[in-house]
Amino acid sequence: MKEKMSLQEYLQNEDFIVKSECAISLLNTKLKIIDADLGMRYHRKVIHSKTNRIKSYDSIKAKLKRKELSEDIATVQEKINDLVGVRAVCTYTDDLYEIVKMLYAQEDVKVIKEKDYIKNPKKSGYRSLHLILEIPISLQGETQWVKMELQLRTAAMDYWAGLDYQLQYKKENKEARRIGEELKEYANAIEEIDRKVLELRKRIEAI
């Protein structure tokens, strides 16, 4: 059936949407439990906000074009890892790594790939932890593993990424390129702020 569908039809199909929404729901529940666990351990809230999305057809089409990939279902399933995504925002960088460690320990979560853009930022200055996961979904007597992306950021990283996102489709513009260079400098400043905030928290905890 899906072989006869166009990519746009596949993305609008009830089967795909339901599985994606279930995977998002399950991952959000796992993050809620992790937050509760770390909260009891450290006596503070760790995950301050979560957002999720299923990429639109237009967004996927543009990404396939940038990567010079064909627009078909098989290519998207194999090559596009962030079709379904969840983002969790924390205050401190060490909390991000704690969450990653706890996800690796989950028996019913497969960590397929990890990209650490905090230790190795992108050229633009973008910083975040990305995990490609597979989450098991049981529907109609069958279990399928749904691939999705989890982004973990501090609030400062998330604020910066929002500004960078506004620029990404205007980068050929001369003024936008200048703003991009300025924004890269701000990324370095945000990295320093994250480091100082973490040091300050550790000093407070030591009192």
Side-chain angles (χ1 to χ4, degrees), residues 20-56 59 81-122 124-135 146-168 183-207:
S20 299
E21 289 176 345
C22 287
I24 287 170
S25 179
L26 280 172
L27 182 54
N28 275 326
T29 299
K30 287 182 176 297
L31 290 172
K32 185 176 180 180
I33 294 168
I34 287 172
D35 186 39
D37 189 340
L38 293 175
M40 288 187 290
R41 194 185 309 174
Y42 299 130
H43 307 291
R44 57 180 170 80
K45 189 170 180 60
V46 171
I47 299 175
H48 289 273
S49 65
K50 297 192 297 291
T51 54
N52 50 257
R53 58 104 184 95
I54 302 171
K55 267 188 181 292
S56 68
S59 179
N81 292 325
D82 61 345
L83 194 58
V84 183
V86 170
R87 180 182 303 141
V89 177
C90 304
T91 301
Y92 307 107
T93 52
D94 60 345
D95 288 338
L96 306 179
Y97 291 100
E98 283 280 351
I99 293 168
V100 170
K101 187 167 74 173
M102 294 177 76
L103 282 169
Y104 269 104
Q106 303 260 341
E107 293 183 357
D108 58 345
V109 174
K110 295 178 183 177
V111 181
I112 305 302
K113 186 184 294 185
E114 178 181 343
K115 290 185 178 180
D116 191 339
Y117 296 118
I118 298 175
K119 293 177 181 175
N120 302 290
K122 291 186 177 182
S124 65
Y126 175 87
R127 296 167 66 239
S128 184
L129 264 175
H130 290 196
L131 294 181
I132 305 304
L133 310 170
E134 284 189 347
I135 304 291
V146 177
K147 184 167 62 172
M148 62 191 305
E149 180 186 65
L150 172 62
Q151 296 179 355
L152 296 164
R153 302 174 180 169
T154 65
M157 293 174 199
D158 193 52
Y159 175 73
W160 184 95
L163 295 174
D164 184 59
Y165 180 79
Q166 293 176 44
L167 271 180
Q168 69 173 306
L183 196 57
K184 188 173 181 178
E185 293 177 16
Y186 296 161
N188 296 331
I190 283 173
E191 181 180 10
E192 181 68 8
I193 289 169
D194 274 338
R195 185 183 64 78
K196 288 184 175 179
V197 166
L198 179 57
E199 288 177 357
L200 185 62
R201 191 206 76 205
K202 289 179 178 179
R203 285 169 57 196
I204 292 170
E205 289 173 343
I207 295 173

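Nothing fancy with the numbering, it's 1 onward along the sequence. Since the structure is predicted, the reported quantities are computational estimates derived from the model, not experimental observations.
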Mark yes or no for whether Asp35, through its side chain, and Val46, through its backbone, hold a donor-acceptor pair below 3.5 Å.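 Yes; at least one donor-acceptor contact below 3.5 Å.
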Taking Thr29 for its side chain and Ser25 for its backbone only, find out whether a donor-acceptor pair lies under 3.5 Å.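 Here the side-chain-to-backbone pair exists.
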Counting neighbours of [atom1] on [X] that are heavy atoms of other residues, nucleotides or ligands and sit closer than 6.0 Å, is the number greater than 12?
X: Arg41; atom1: CZ; answer: yes
X: Tyr104; atom1: OH; answer: yes
X: Lys115; atom1: NZ; answer: no

Answer yes or no: is there a side-chain heavy-atom contact under 4.5 Å between [X] and [Y]?
X: Asn28; Y: Val86; value: yes
X: Met148; Y: Leu27; value: yes
X: Leu83; Y: Lys147; value: no
X: Trp160; Y: Arg127; value: no
X: Val197; Y: Tyr92; value: yes
X: His48; Y: Thr91; value: yes
X: Val100; Y: Glu114; value: yes
X: Ile190; Y: Arg195; value: no

When rounded to the nearest 0.5 angstrom, what is the spacing between [atom1] in [X] and [atom2] in [Y]?
X: Leu198; Y: Arg203; atom1: CG; atom2: CZ; result: 12.0 Å
X: Leu150; Y: Leu133; atom1: CG; atom2: CG; result: 5.5 Å
X: Ile33; Y: Leu38; atom1: CD1; atom2: CG; result: 12.0 Å
X: Leu103; Y: Glu98; atom1: CG; atom2: CD; result: 11.5 Å
X: Leu26; Y: Asp108; atom1: CG; atom2: CG; result: 8.0 Å
X: Asp158; Y: Ser128; atom1: CG; atom2: OG; result: 8.0 Å

Within 45 degrees of the ring normal and closer than 6.0 Å to the centroid, is that where the cationic atom of Lys122 sits relative to Tyr126?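 Yes.
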Of all heavy-atom pairs between [X] and [Y], which one has the smallest distance, and what is that distance?
X: Gly125; Y: Ala187; result: O-CB, 3.5 Å
X: Ala88; Y: Ile47; result: CB-CG2, 4.1 Å
X: Ala161; Y: Arg153; result: CB-NH1, 3.4 Å
X: Ser20; Y: Ile54; result: CB-CD1, 3.6 Å

Test log, rule side-chain contact (heavy atoms from CB on, under 4.5 Å), inputs Arg201 and Asp94: CA-CA 11 Å; Arg201 191 206 76 205; Asp94 60 345; 2.8 Å; yes
Taking it one step at a time, do Arg44 and Glu205 satisfy salt bridge (charged side-chain N to carboxylate O under 4.0 Å, His left out)? CA-CA 11 Å; Arg44 57 180 170 80; Glu205 289 173 343; 3.7 Å; yes
Please report the C-alpha distance between Ile34 and Gln106 in whole Å, then the side-chain angles of each, then the deciding distance to 0.1 Å, and finally whether the side-chain contact (heavy atoms from CB on, under 4.5 Å) criterion is met. CA-CA 10 Å; Ile34 287 172; Gln106 303 260 341; 4.2 Å; yes
Are the charged groups of Lys202 and Glu199 less than 4.0 angstrom apart, N to O?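 Here Lys202 does not pair with Glu199 in a salt bridge, since their nearest N and O are not under 4.0 Å apart.
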Does a salt bridge link Glu149 with Arg87, judged by any charged N lying under 4.0 Å from a carboxylate O?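 No salt bridge links Glu149 with Arg87.
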Donor + acceptor pair across side chains of Tyr97, Asp116 (<3.5 Å):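 Present: a donor and an acceptor within the cut-off.
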Would Thr154 and Asp194 count as having a side-chain donor-acceptor pair, cut-off 3.5 Å?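 A pair is found: one side chain offers a donor N or O, the other an acceptor, under 3.5 Å apart.
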Verify side-chain contact (heavy atoms from CB on, under 4.5 Å) between Lys55 and Asp82, making sure each step is shown before the conclusion. CA-CA 8 Å; Lys55 267 188 181 292; Asp82 61 345; 3.1 Å; yes
Report the C-alpha separation of Val146 and Glu134 in whole Å, then their side-chain angles, then the decisive distance to 0.1 Å, and conclude whether the side-chain contact (heavy atoms from CB on, under 4.5 Å) test is met. CA-CA 5 Å; Val146 177; Glu134 284 189 347; over 6 Å; no
